[in-house]
Amino acid sequence: MNWDQLYHEQHTPWDKGHAAPPLLEWMEAHPGVMQGTVLVPGSGTGHDVRAIAASDASLTVVGLDLSPKAVELALAYPPAGSEHYETGDLFHLEGHHRGRYDWIWEHTCFCAIDPGQRDAYVTAVHEALKPEGNFLGVFYLNPYDEEHQEGEGPPHGTSTGELISRFVESGKFRLVEDYIPTRSYAGREGLELVLRMTKN
Ligand SMILES: C[S@@+](CC[C@H](N)C(=O)[O-])C[C@H]1O[C@@H](n2cnc3c(N)ncnc32)[C@H](O)[C@@H]1O
């Protein structure tokens, strides 16, 4: 998948122009719980990065994306708080990312990567977090809505069972909360799962 080319071609149907509703819902329900440094892998043009940064001026938020064009587009927005953007590959994290983060926010990165890379994804986010760091994410369970042809991806769907197996039963994380968000982008209602986990 050539993500950078898609950003250059402005073929980015996943980019809704505003932050993920399940993220806003979680932050409103948990004021002040997210603290410290936050990594957003696959941050695209940065809507979620800016929403997190705007929620608390004390947060340092890093958006990481493979696509230089996505990072360029993210940098064109007015700053919302203490956010930064970097071009980089989650699967080849540079040393300064390792063990640095108190929180990770996942949204449409896990579903974008090849499903064969999912264990590597879990290893990468585990390595990026500090001990007892928090992983919060919204996962697309069944992404085959009107935006995409059925059976093809990305996005690639998942299941609660797969997520628990890869993150929790692997011994890397322990589950804190899981629920179907009540707020979603149009067309994703009931198709997403929010998971919050703590690093073991
Ligand atoms: C479907 S888009 C979602 C972007 C953003 N989360 C949003 O919802 O607008 C997936 C993003 O993940 C990025 N990505 C894919 N593989 C990546 C990797 N290995 N490391 C970092 N970013 C990656 C892509 O460049 C793309 O911006």
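All values derive from a computational prediction rather than experimental measurement. Both ligands and their constituent atoms are indexed starting at 1 by order of listing.
Proximity to Thr108 (heavy-atom distance under 4.0 Å) selects the following atoms of ligand 1: 1 (C), 2 (S), 3 (C), 5 (C), 6 (N), 7 (C), 8 (O), 10 (C). Taking every non-hydrogen atom of Phe91 and a distance limit under 4.0 Å, the qualifying atoms of ligand 1 come out as 19 (N). Set against the non-hydrogen atoms of Gly88, the atoms of ligand 1 under 4.0 Å away are 20 (N), 21 (C). Under a 4.0 Å criterion applied to the non-hydrogen atoms of Ala112, ligand 1 contributes the atoms 10 (C).
Considering backbone and side-chain N/O of Gly42, one or more are found under 3.5 Å from N/O of ligand 1. Taking only nitrogen or oxygen atoms, main chain and side chain alike, Ser43 does not reach within less than 3.5 Å of ligand 1. Checking only distances, Leu66 does come within under 3.5 Å of ligand 1, N or O to N or O.
Side-chain contact, His47 with Thr45: a donor N or O sits under 3.5 Å from an acceptor N or O.
Between atom 15 (C) of ligand 1 and the options Trp3, Trp105, Trp14, the minimum heavy-atom separation is to Trp3.
A salt bridge does not link Lys69 with Asp4: none of the charged nitrogens is closer than 4.0 Å to a carboxylate oxygen. Between Arg174 and Glu132, at least one side-chain N (NZ, or NE/NH1/NH2) sits under 4.0 Å from a carboxylate O, which counts as a salt bridge.
Of all the heavy atoms of Ala70, none lies under 4.0 Å from any atom of ligand 1, so neither backbone nor side chain is involved.
For the pair Asp102 (side chain) and Thr37 (backbone), a donor-acceptor distance under 3.5 Å is present.
Within the 4.5 Å cutoff, the side chain of Trp26 has heavy atoms near those of the Met34 side chain. Asp119 has its side chain within reach of Arg166: a pair of non-hydrogen atoms, C-beta onward, lies under 4.5 Å apart. In this structure the side chain of Met1 never reaches within 4.5 angstrom of the side chain of Asp114, judged on heavy atoms.
Atom 20 (N) of ligand 1 has its closest protein heavy atom at Leu90 N, 2.9 Å. With hydrogens left out, the protein atom closest to atom 18 (C) of ligand 1 is Asp89 OD1, 3.7 Å, a heavy atom. Among protein heavy atoms, atom 25 (O) of ligand 1 sits closest to Asp65 OD1, 2.6 Å.
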- Message: Set out, in order, the CA-CA distance, both residues' side-chain angles and the distance that settles side-chain hydrogen bond (donor to acceptor under 3.5 Å, both in side chains) for Asp65 and Ser67, then state yes or no.
- Response: CA-CA 5 Å; Asp65 204 285; Ser67 161; 4.6 Å; no
